[in-house]
Structures are given as C-alpha cells and as structure tokens.
Amino acid sequence: MGNRPIKVRFAPSPTGDLHVGNIRTALFDWAYARHTGGIFLFRIEDTDRSRVTDEYIAAAIDTLKWLGLSWDEGPEVGGPHGPYLQSQRLDIYSEWADRFIKQGDAYYCYCSPDELEARREAQKESGQAPGYDGKCRSISDEDLARYRAQGREPVIRMRMPEGSTTFTDVIRGECTFDHNFVPDFVLVRADGSPLYTLAVAVDDVLMEVTHVLRGEDLLSSTPRQIRVYQAMGVKAEDYPLFAHLPFVMGTDNAKLSKRNGETSIAWYREQGFLPEAICNYLALLGWSPGDDRENLTLKELTELFTIERVNSNPARFDMKKLENINGDKIRALTLDDFYQWSLPFLQKAKVVATPITNEQESVVRQALPIIQERLIKLSEIPGMLAFLFTEKVDLDPDSVAKYLDGDAKGIISKAIEVLTPLSTWSHEAIDGALRAALIEQMGLKPRLAFSAIRVAITGSHISPPLFESMEILGRERVLARLAAI
RNA sequence: GGCCCCGUCGUCUAGCGGCCUAGGACUCUGGCUUCUCAAGCCAGCUACGAGGGUUCGAAUCCCUUCGGGGCUACCA
C-alpha cells in the first residue's frame, strides 16, 4: 500500500433498506477510518439496477447520516475519485474490460445461460465442482461465426490461471484458495453492463482504498478481486488489506437478513432507538474494547476500535441487550436533547400539535424528567404522557376493576377534600396532604390509596410518579378527574 | 456434493500455556428500596461441543470428529 493514507470504504448495494448487518459493517469501516485518522469512503454499488432503486439509495444515505457515520468521500460530499455511484461509472468499467480482453486476461463467452445451467448440473452429477468449464477460452472461427449468426451476445469472462491465490485476512489470517475452485467468472453481462466482480475491484483500486472490511460472505470472492487487480497491473503490495467481518445472525441461527427478524434500521429508528445506542450495541457484536467497558460513546469507539480486536466468530443479535443500552443512552440525555428526540414521537402520535404550542412544550419539558428513567424506547413516550394532554382520561378497565371499585369512593372524596384548599400546588405538598389524610388518618395502605388516585388521574395503575404527574396536570384538572369518578 | 469460515454461560464477550476452583455485560431467578411501573443496589443460576495428542501444566498449541454458517449466478 505504499505510503498512501488509510482509506476505508463502505460500499453497500442498496437492494432494500440498510439492515443491521450492513450498519455493523459501516460502523466498523467508519470507526477504523476515524481511529486511524484516515478517510471514510462511501460508495454505492448499484451495478444491478434491476434490484437497486433510487429510493433505496436515498434511504441508505439518509440512514448513514442519521447514525452519525459521516463520510469524507462519497455521494453528496464528492471527492477526488467520483462519481461514487457505480451506475455513473460505466465507461470506466468497460474500458478496463476491453483492456483485459486485449491483454488476454479475459475473453468473450458465448455460452447461453441454459447451456451453462445444463453443464453445471452435469458437473454436479458426476461429482465435479460446478463452475465454468472454460469452453469459450478458445473458440473456433466457425463456432464464432455460428454464434454470431444466431445473434448471441457474449459476456466477458475473466480467465483464472492455474494455481492458487493466497492473501492475509486481518481477522482470519492467511487464506489460500485453489483456482480449481475459483472458476472463470463473468465481468460484463451480455448487455454490456458490468458486474460487481469487475466494478468492486476497479473502484477499490481507482479510489485508492487501503482497507476492505466487509461481510464474511465475500471472503470466497476475494481471489476474484485479486485476479482483477493483477489484470489491472496493480502491484501486490498495493492491494488493499482485507478483513472479513463475522456475520450478525438472527435469533434462529440464520444470517440476519430482510426475511429474518426486524433488521431494517428504519424500523429501529421508528421504534425510538437512539443512533448512539444502535452503534454502541452493534460495536459489541464482533468486537470488544478488551476491558469490561460496554457503554461507549461514538467518540470512545473511534478511539478504541482496531481490527485486531474484531472477533472471527459470528454473533447473534440480542434485542434485550440493545433495549438495555438504549435505556442507558436515553437516561444519559440532557433535558434539551431528550426534548428534541421526543418531539417527533409526540407529534406523530398527535399527543401534541405540530408545531407544538408553547403551553404544550412547557408541559412536555416538565414531564420528561419523570419518565426519563423508565423508558426503553422513545416510542413509549406518547403513551406515557398522553394523559397530560387530554381533557378526559381513558380509564383502563382492568385498572378500574382493580383499584376503583369498592371503597375507592371514600379515597377519592377525601382526596378532593384535602387537595381543594391546598395552598401550594407542588408534588411535595400534594404528597404530604394525601399521605396525612389517606395513610395516617384513614389508615389505608399506600399502595391501595395511591393506586385509586393514580387510576383516576392517569387512567391506569401504571403511570409516571403520581404526585409529580398531579403537579404537572394542575389542580383544576386533577380535581375534575377525581370528581368524575 | 465440493471449497471456505467459525465453535467459552441462554445471548454478547474477556481470555492469546500457569494469574481460570474461567471474569464482565444482557437475560432470567430471589431480595432490598418503594405511591404503580421503571431505575438503582445486593445475591444467585448457568459455559470452555466431543475425543485424541503435545506439555510438568491447556479454554489457550496440533489432529480427528461433531455441530453451525457462507460460497458454489450474466446477485452482491
């Protein structure tokens, strides 16, 4: 790699919303670039335009931004090696493909998909390793004439020489692949469009990528990339360093994918997971700082992250642990940040107006501190605070049955009696007055007495702290709700 | 089938030949606290897949085996 600055690339193929596995890779790419003071390059691999859509590309860009994984080269920010969408670099790839043909590294292959399929089947049946048999490595003039007469359009195939490819994977050590199991592969489709196999290698070289950290599924395609480097005339010491990251798997032991569990980052965003929690949790999937630290900020992650500390074994995604970390991160929020994160959730649930009124903002700001430590996800906020923004509460039938039947009338009327003349409307005063009347005077169990009031005020026997809630709600509405029982 | 990767508590992991009667975190269980729910605090359960070696000594090194996963496309 000579003396080039470290450059790490994240190059997803957005055939859907970015998922947990993608993001873990992006996070490691980003963290390593930041750790080394290198460049983080973001490239879109959209050579398969039948599967990649503009919406998915836009969503990928948005997701990375939302997570705070900023890139130095790539879409929107540009850079010296753009464009960073492979679909905009088509002539570059075809030039290289032509050159490979001229050099004899690649050749035109006229075999049709059906023929290929049939021969693969035959190989399997005879116990051979399936793969391209090299038929078109040399074509007779008459065959060529016949194919052309038939109107067949050739693909361009890379010639894999005899021998093997050995490279050092930073995570897995030395890897060797015998070329008997790396068949000649297609670089360019019959319609002239490039494949990943061509584009990925060409771009990594042209964009001066020094480190390729990517999913383990690409491990066995590495020899093909190296083959392209060779055809491009890149010296071995200038190949990027490879590090194949272990999978993030779903709970059912399959590779985490769109069909397996909640994997789309968009879903986590809607649920109210904080970017920092997602990154913190994902960082722990396949990597650890080496000590017992687990709660890390993004900054700490960049300081501590090295490829050497990445595990080689796959990790299972554990929602419970993510939730735990998310709760920690929410608790660590300043009131102002907490407010900013909460607002969209409150507005989406129509608990507050859009734009929020001054009065509502004031209530939200008072109420957030009392729910902050009991949240797992931001999406729980509207449900917890809704009772503060309605005229009449919806009484939960189960709660009513449990706490508002029987002698509740007495509790409620006593509460009204002592709260009405209360001189200072503060949670301390409310607490004191109710405790004196209900617990000391009437001799009731706190749990029973306060639960009755809680249900009357909030609608449920589960709520934020009662006295604080009553203070925020205001005397008028508290008394009205009590009177309504 | 072939090639490749991987294998420490239920889960994520620490461990890189003696500090390990295996540590931490999440989960779970019990308790404390308590106006509910949380949070917090304390305690507890639970692991080196198996079998051979190497060595004075192995979770750590080697081999075999079993198990899991990936690749085997004109997807990436």
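Since the structure is predicted, the reported quantities are computational estimates derived from the model, not experimental observations. Letters go in sequence order (proteins before strands), and every chain restarts at 1.
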Tell me: [atom1] of [X] to [atom2] of [N], nearest whole Å?
X	N	atom1	atom2	answer
A:D217	B:C6	CG	C1'	14 Å
A:F467	B:C37	CZ	C1'	14 Å
A:R331	B:G40	CZ	C1'	10 Å
A:R119	B:A73	CZ	P	13 Å

Residues passing the side-chain hydrogen bond (donor to acceptor under 3.5 Å, both in side chains) test with A:R137, sequence neighbours excluded, are A:D184

If you check the [X] side chain, which of [options] turns out closest?
X	options	result
A:E294	B:G24, B:A76, B:U11	B:G24
A:R157	B:C74, B:C35, B:A76	B:C74
A:K320	B:A14, B:C28, B:C35	B:C28
A:T47	B:C35, B:A76, B:U13	B:A76
A:Y196	B:A76, B:C6, B:C12	B:A76
A:R224	B:C74, B:U13, B:A76	B:A76
A:R120	B:A73, B:C35, B:C37	B:A73

Measure from NZ or CZ of A:R157 to the centre of the six-membered ring of A:Y132, then state whether that distance is under 6.0 Å and the direction lies within 45° of the axis.
yes

Looking at [X] and [Y], does any basic side-chain N land under 4.0 Å from a carboxylate oxygen?
X	Y	result
A:R49	A:D54	yes
A:R189	A:D191	no
A:K377	A:E380	no
A:D204	A:R43	yes

Under a 3.5 Å limit on both distances, the Watson-Crick or wobble mate of B:G40 is B:C32

Answer for the Watson-Crick or wobble partner of B:C16, both distances under 3.5 Å, is none

Return the polar atom pairs (N/O with N/O) between nucleotides 43-49 of chain B and the protein under 3.5 Å, or none.
none

